[in-house]
2 protein chains.
Amino acid sequence: MPRGNCRGQGWWHGKFQGCGYRLTAGREAILDILSKSEGHLSAEDIYMKVHPKYPNVGLTTIYRTLDVLSNLGMVSKLDFGDRRARYELAEGPKGAHHHHHLVCTDCNKVVDYTDFIDDEVELLRETEKGLGAKYNFKITNHIIQFYGLCNKCSAKK
Amino acid sequence: MPRGNCRGQGWWHGKFQGCGYRLTAGREAILDILSKSEGHLSAEDIYMKVHPKYPNVGLTTIYRTLDVLSNLGMVSKLDFGDRRARYELAEGPKGAHHHHHLVCTDCNKVVDYTDFIDDEVELLRETEKGLGAKYNFKITNHIIQFYGLCNKCSAKK
DNA sequence: TTGTTAATGGAAACCATTTTCATTAAGGAG
DNA sequence: CTCCTTAATGAAAATGGTTTCCATTAACAA
């Protein structure tokens with residue numbers, strides 16, 4: 001049960017078991033919700049969506065599962081500056097829905113954008129390679145985020 | 001007293017007063033510490049450093065001041081995934097010390113890097129312009145961060 | 001089926017950050 | 001220089017997302 005670096009390929013049934021994690025109803029429920037929902041869900045959002053169908057899955061399990069999924073690289077943990085983590089299904093850097101975020105610092109509105117993504121991905125790949133070598137890091141992940149005021153909020157001022 | 005968008009040029013004496021903020025001992029102390037310290041300080045770090053010289057500046061004021069400075073664009077608020085915000089003096093995108101961060105997800109070690117910064121800055125400028133126009137955002141700021149395992153932590157596994 | 005041990009839930013603990021509120025003092029007006 | 005308005009402050013209490021504890025349950029390998 002290699003519990004360490006399990007961020008490689010493979011979809012979750014295999015991935016879980018291959019990494020020594022057990023496949024439980026709670027975990028399936030969470031992955032199910034995550035794959036059906038668009039957007040950036042907080043732990044509590046997920047709890048609310050899971051609860052009706054699986055009333056016996058507690059918030060604690062949500063947190064623990066998200067942590068596992070995040071370590072496996074299957075889920076991205078996001079921070080938009082309100083003080084709660086958000087989660088979304090991760091996809092490979094070439095995956096169809098690769099995107100980054102544009103966050104309004106005033107109303108916390110978030111826009112997913114895919115513009116310029118190809119150039120970004122290109123540069124990031126280079127950078128990742130370079131930095132990994134230079135600083136001896138095994139890079140698994142990156143974040144790009146832009147902050148500013150959305151049109152509504154900048155009109156307000 | 002235009003309390004709104006005061007992120008322009010000018011150093012802090014003028015900036016403060018020009019924006020209707022008052023210049024207080026606490027604020028000077030914090031800016032002083034920030035400009036003398038290297039690295040990524042938490043609110044409490046700053047408190048500890050400010051305290052000996054200004055024992056009557058409370059932690060609350062540190063938080064409030066950092067918030068103001070951050071809104072003015074004079075300080076960057078960072079998030080490295082441990083659950084406390086870090087702060088560092090901001091410099092303009094072309095400033096001498098512009099850098100991004102490389103974070104170990106295991107031991108939370110942070111490396112400041114400046115490699116590839118020019119290419120990054122170039123791309124980001126473009127992206128910022130494009131996104132700002134397309135989504136009607138007034139973009140003021142961005143974050144790039146790489147995550148991975150430092151050599152020590154990846155050896156441990 | 002059984003045994004080992006990972007996973008779970010509920011409640012309590014944690015702890016960085018915010019809020020409250022009475023007090024102080026910055027800095028413009030006169 | 002003094003007064004006055006109101007921003008800024010500190011101490012203590014509140015907040016609230018996330019973690020920890022611990023006794024119980026259940027995955028899944030043998």
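Because only heavy atoms are used, hydrogens play no part in the values below, and waters and symmetry mates are left out as well, while side chains stay in. Residue numbers begin at 1 in each chain, while the letters A, B, ... track the order of the sequences.
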Find the distance [X]:[atom1] to [N]:[atom2] and express it as a whole number of Å.
X: Leu59(A); N: dT19(D); atom1: CG; atom2: P; value: 10 Å
X: Asp79(A); N: dT17(C); atom1: CG; atom2: C1'; value: 14 Å
X: Leu41(A); N: dG17(D); atom1: CG; atom2: P; value: 15 Å
X: Gln17(B); N: dG28(C); atom1: CD; atom2: C1'; value: 11 Å
X: Arg27(B); N: dG27(C); atom1: CZ; atom2: P; value: 9 Å
X: Ile62(A); N: dA7(C); atom1: CD1; atom2: P; value: 15 Å
X: Arg86(A); N: dG17(D); atom1: CZ; atom2: C1'; value: 12 Å
X: Leu23(A); N: dA26(D); atom1: CG; atom2: P; value: 15 Å

I'd like to know if the side chain of [X] pairs up with that of [Y] as donor and acceptor (distance under 3.5 Å, no hydrogens or angles considered).
X: Tyr54(B); Y: Asp32(B); result: no
X: His99(A); Y: Glu88(A); result: yes
X: Ser70(A); Y: Asp67(A); result: no

inquiry  = Let me check something: do Tyr21(A) and Leu89(A) share a hydrophobic cluster, defined by ILVMFWY side-chain heavy atoms less than 4.5 Å apart, either directly or through other members?
reply    = yes
For this session: Look at the side-chain N and O atoms of Arg84(B) and state whether any lies under 4.0 Å from the OP1 or OP2 oxygen of dA16(C).
Result: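 For Arg84(B), the contact criterion (side-chain N or O under 4.0 Å from OP1 or OP2 of dA16(C)) is met.
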Q: Output yes when at least one side-chain N/O atom of Tyr63(B) is less than 4.0 Å from OP1 or OP2 of dT17(C), else no.
A: yes
Per side chain to side chain contact (heavy atoms under 4.5 Å, CB included), Leu41(A) is matched among Ile46(A), Ile62(A), Ile30(A) by Ile46(A)
- Message: Please compare Ser42(B) and Asn56(A) by the position of their nearest nucleotide in DNA chain C and report the one closer to 5'.
- Response: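 Nearer the 5' end of the strand: Asn56(A).
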Comparing Thr24(B) with Thr60(B), nearest DNA chain C nucleotide closer to 5' gives the residue Thr60(B)
- Message: Measuring from the side chain of Tyr21(A) (C-beta onward, heavy atoms only), which nucleotide among dT8(C), dA7(C), dT18(D) has the closest atom?
- Response: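 Minimum distance to the Tyr21(A) side chain belongs to dA7(C).
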Which of dA6(C), dG27(C), dG17(D) is nearest the side chain of Arg22(B)? It is dG27(C)
Walking DNA chain D from its 5' end, the first of Pro55(B) and Arg83(B) to be reached, judged by nearest nucleotide, is Pro55(B)
